[in-house]
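Written out below as structure tokens is the structure these notes cover.
FYI, the numbering just counts along the sequence from 1. Whatever order the structure lists them in is the order used to number ligands and atoms, beginning at 1.
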Amino acid sequence: MGKTLAYKILEAHLVEGNLVPGEEIKIRIDQTLTQDSTGTMVYLQLEAMDVEKVKTELSVAYIDHNTLQTGFENADDHAFIKSVAKRHGVLFSKPGNGICHQLHLENYGIPGKTLLGSDSHTPTGGGLGMIAIGAGGLDVAVAMAQGTYSLPVPKVVNVKLTGKLRPWVSAKDVILCVLKHLTVKGGVGKIIEYTGDGVMALSVTDRATITNMGAELGATTSVFPSDENTRAYLKQEGREKDYVPLSADPDAVYDEELTIDLSTLEPLAAMPHSPDNVDTVKNIGGIKVDQVAIGSCTNSSYTDLMKVASILKGNKVHPDVSLVIAPGSAKILAKMAENGALADLISAGARVIECACGPCIGMGQSPKSGAVSLRTFNRNFKGRSGTLDAGVYLVSPETAAISAIRGVLTDGMTSGVVLPEIAPCDFTPNDNFIVYPEGCDTKNTAVEMGPNIKPFPRNVKLPDTVEAKVVLHAGDNITTDDIMPSDSRMLPYRSNVPHLANYCFEKIDSGFSERCKKAGKCAIIGGENYGQGSSREHAALAPLYLGVKFVIAKSFARIHRANLINSGIMPLVFADPADYDALALGADLVIENAREQVATGEVIVKDAASGKEIRTITNFSEPDVNMILNGGKINSIKAAAKA
Ligand code: MIC
Ligand code: SF4
């Protein structure tokens with residue numbers, strides 16, 4: 001039986017276990033990446049593990065999220081990360097270099113390698129034929145310390161691409177089409193593997209746009225084959241030596257299949273407030289647009305921005321539109337300065353901002369009240385832009401650019417504008433933004449800890465009886481942006497969980513943190529796909545700090561579930577989803593014989609007032625059980641080291 005590309009790469013990295021869907025395996029991790037908003041936790045945790053040099057082939061610490069520096073806080077974080085990176089042999093990418101995923105693709109990604117990143121969009125590397133997985137910070141810290149990562153074996157979905165995209169239709173429309181079919185929870189427990197002739201017509205950066213937004217499917221990762229287009233990309237980046245051809249066997253067997261004929265696709269948009277709320281631009285119609293934002297790790301490549309420049313050239317941004325552009329990397333920006341495209345953007349009336357995440361994570365450029373904002377980004381969750389009542393539409397760079405000129409959402413295919421072909425270009429490697437660890441001297445390099453950096457909360461051993469009050473009864477698809485919002489007010493406090501905890505669930509329930517403080521011991525009830533979105537472990541650490549003992553939901557998103565377990569908070573799944581309605585806000589719950597029960601696969605939660613017993617399923621692996629019993633991953637590692 002032929003093998004999928006995903007399983008070939010996993011097999012080549014297998015340390016423990018069998019490649020059987022659902023079974024827990026341990027794989028070798030070749031590379032890691034961190035970014036600053038999750039990175040401070042990663043490096044605090046790495047320090048707590050007493051390691052010397054990292055065990056990976058390459059680890060990079062990027063600074064791209066918290067770059068506003070409105071006070072000392074972000075700069076403190078940067079200095080802290082830089083000092084720990086030096087201590088443990090990690091490359092440090094200075095702010096201004098660009099967005100972690102774009103930079104990693106350009107400079108370090110290698111076909112067939114494994115990459116673990118403390119950011120949910122790490123699967124961008126799948127565009128180069130890597131198994132690139134997003135994880136919570138602690139898992140990345142452990143991967144650096146031990147060189148491995150454990151995960152349940154995902155199923156593999158074959159997305160077969162045929163045909164060729166028409167002008168004005170691009171990679172963003174492909175992934176929006178996949179999202180429309182599979183939804184934001186359709187990828188949970190799965191790897192999305194792209195095959196078919198249509199793959200040949202997509203460049204590596206197109207492929208990376210598609211694998212990047214596989215995160216929005218909830219998928220473990222997404223992967224493309226490595227072929228002559230991959231070689232061409234690596235050559236342009238001055239790294240042809242890193243090319244390795246890779247593909248699935250022709251008779252590979254997949255768990256599911258979806259076929260998309262690229263030649264039938266039209267420009268699409270994800271409407272507020274979910275990336276899978278997709279329709280054609282034509283059907284949505286010419287709604288008036290207030291803001292257009294271009295960039296993010298999804299759509300900030302050289303080709304994307306050159307397309308935008310060619311559409312804007314000689315035109316004027318509509319008087320009612322604010323157009324903001326954040327290039328993916330300094331190298332791209334420098335090239336566009338050299339070839340004149342930057343002047344085309346500026347002359348048209350675009351605001352060109354720093355090469356960073358910027359507006360994608362609400363760090364500036366929040367739209368006006370009630371605005372319609374078109375963004376080439378990957379998430380349009382309510383309030384993520386920093387403006388609660390704004391409507392964010394996710395679109396391709398082409399759709400964004402033509403709409404910025406016209407002032408209304410515009411389908412480029414019927415615009416009468418002819419899109420020029422963008423010629424590929426070669427880049428001169430430039431590592432001026434990189435600080436190399438040089439020697440990795442743990443003993444003689446001090447950790448630089450400014451006053452913004454506070455120790456992270458640690459859990460305690462699971463008691464025999466767990467009591468908790470229901471402090472929140474939430475609906476389906478709760479995002480980690482709902483749990484622990486991130487905007488320019490909160491992002492500077494990613495190293496200060498006690499401060500951040502005050503804002504926990506702020507956007508959907510402003511009384512949450514006060515209610516937790518009053519209750520002391522708390523439980524959360526959730527619907528389907530609880531914790532989708534970002535990898536931020538702050539969405540587990542802030543609830544931990546506030547006394548949350550367990551979450552009962554209809555189902556969980558992958559990374560958040562792992563983050564809860566890493567923090568020693570039990571993610572429990574309703575055995576009977578009808579019990580979701582039986583647990584009201586304020587109910588007092590109790591788990592008796594908790595230590596014994598977690599090991600059995602089932603936990604009975606009792607409503608103290610009515611005596612009603614709610615059956616929940618745990619699906620815990622053996623290491624999960626240990627983490628829950630010990631009060632989280634760090635305690636578990638320390639306990640194992642003592643034994
Ligand atoms: C995001 O896009 O939500 C982020 C910000 O990149 C997060 C990480 C974070 O919350 O710091 C992610 O996607 O993992
Ligand atoms: Fe940065 Fe946005 Fe990408 Fe997250 S999704 S890594 S915030 S650009």
For [atom], what's the nearest protein heavy-atom neighbour? Residue, atom name and distance, please.
atom: atom 6 (O) of ligand 1; value: D119 OD2, 2.6 Å
atom: atom 7 (C) of ligand 1; value: S534 OG, 3.2 Å
atom: atom 11 (O) of ligand 1; value: S37 OG, 2.4 Å
atom: atom 12 (C) of ligand 1; value: S120 OG, 3.3 Å

Would you tell me whether [X] and [Y] have side-chain atoms, one donor and one acceptor, within less than 3.5 Å of each other?
X: D119; Y: Q35; value: yes
X: S486; Y: R494; value: yes
X: N107; Y: K331; value: yes
X: N212; Y: H101; value: no

Counting each atom of ligand 1 from 1 as listed, which ones have a heavy atom of R536 under 4.0 Å away? 3 (O), 5 (C), 9 (C), 10 (O)
Looking only at N/O atoms, are [X] and ligand 1 under 3.5 Å apart anywhere?
X: N378; answer: no
X: S118; answer: no
X: D481; answer: no

Element-labelled atoms of ligand 2 that are located less than 4.0 Å from some non-hydrogen atom of I361: 7 (S)
[X] vs [Y] side-chain heavy atoms within contact, under 4.5 Å:
X: N66; Y: E73; result: no
X: R87; Y: V447; result: yes
X: K94; Y: V435; result: yes
X: L544; Y: E537; result: no

Sub-4.0 Å heavy-atom approach of R494 to ligand 1: yes
Please state which option from M41, H121, H101, R384 has its nearest heavy atom closest to atom 2 (O) of ligand 1. R384
Could you pull out, from H101, Q35, H65, the option with a heavy atom nearest to atom 7 (S) of ligand 2? H65
Is it the side chain (CB and beyond), the backbone, both or neither of D119 that lies under 4.0 Å from ligand 2, heavy atoms counted? side chain
Under 4.0 Å, heavy-atom basis, I'd like to know which part of D64 is in contact with ligand 2: side chain, backbone, both or neither. neither
Quick check on atom 3 (Fe) of ligand 2: does C297 put an N/O/S atom closer than 2.8 Å to it? yes
Parallel, tilted or perpendicular: which fits the ring planes of F427 and Y302, with parallel below 30° and perpendicular above 60°? perpendicular
